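For reference, the structure discussed in these notes is given below.
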Amino acid sequence: MEIISKNLITVLQYRIKMEEESSRLYLAMSVWLEKHGFMGAAALWKKYSQEEMIHAQWVYDYLLGLSIKPIVPELSAPECDFDGLPDIIRRTLEHEIDITQQCNDFAKLAKEENDFMAFDFALKFLREQHEELTKTSGWVDELETFGTSLEALRLLDHKMEHYVNPNL
Ligand SMILES: [Fe+2]
Ligand SMILES: [Fe+2]
């Protein structure tokens, strides 16, 4: 009997690729933000980018732990033109909703296959997604309440800087 099905290995390989592509997307956003003077937001998106690489690493470790060699995937080029900080916040939320759907599908497959070790691993991703959706939808809520004037965006940028560096 196999410890993990071929289908689940395929889903986990896809997870590695998607987490690494999320990391590249957030890096592209961070670069755009820094170029346009949003230093706090740039630092926060750089942190998001690094966190996505950690999620990919979870999967490498999971597969290696089962003596399966993961493939380091080829990545697509990320989008790198954005309309502003509000656009980046909204696109990040849309992206995290897509990723959450993928993690739901992963959990569903693990459950259907009665692979509860993989199911538990999928839940780890879903808990992480809940955290990320909470953070990102919080930024969207702030935009909706305080608007997108330069003053509002500057305050938001400053607040984001505090998220990365609470001692500031
Ligand atoms: Fe992630
Ligand atoms: Fe994410």
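Only a predicted model underlies this, so the values are computations on that prediction, with no experimental measurement involved. We count ligands from 1, going down the list as the structure has it; atoms in each ligand are counted the same way.
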- [ ] Return yes if some donor-acceptor pair links the side-chain N/O of His36 with the main-chain N/O of Trp32 below 3.5 Å, else return no.
- [x] yes
Open item on the list: Parallel, tilted or perpendicular, judged at 30° and 60°: which one describes the rings of Phe119 and Phe116?
Closed with: perpendicular
Task: salt bridge (charged side-chain N to carboxylate O under 4.0 Å, His left out) against Lys69, all qualifying residues, sequence neighbours excluded - done: none
Task: Pair Glu113, Ser5: side-chain N/O donor-acceptor within cut-off below 3.5 Å - done: yes
Task: Pairing residues for Glu2 by the salt bridge (charged side-chain N to carboxylate O under 4.0 Å, His left out) criterion, not counting sequence neighbours - done: Lys6
Task: Protein N, O or S atoms lying under 2.8 Å from the Fe ion (ligand 1), listed by chain and number - done: Glu19 OE1, Glu52 OE1, His55 ND1
TODO: Using the test salt bridge (charged side-chain N to carboxylate O under 4.0 Å, His left out), find all partners of Lys124 that sit at least two apart in sequence or belong to another chain.
DONE: none
Task: Closest Glu96 atom to the Fe ion (ligand 2) [N, O or S only] - done: OE2
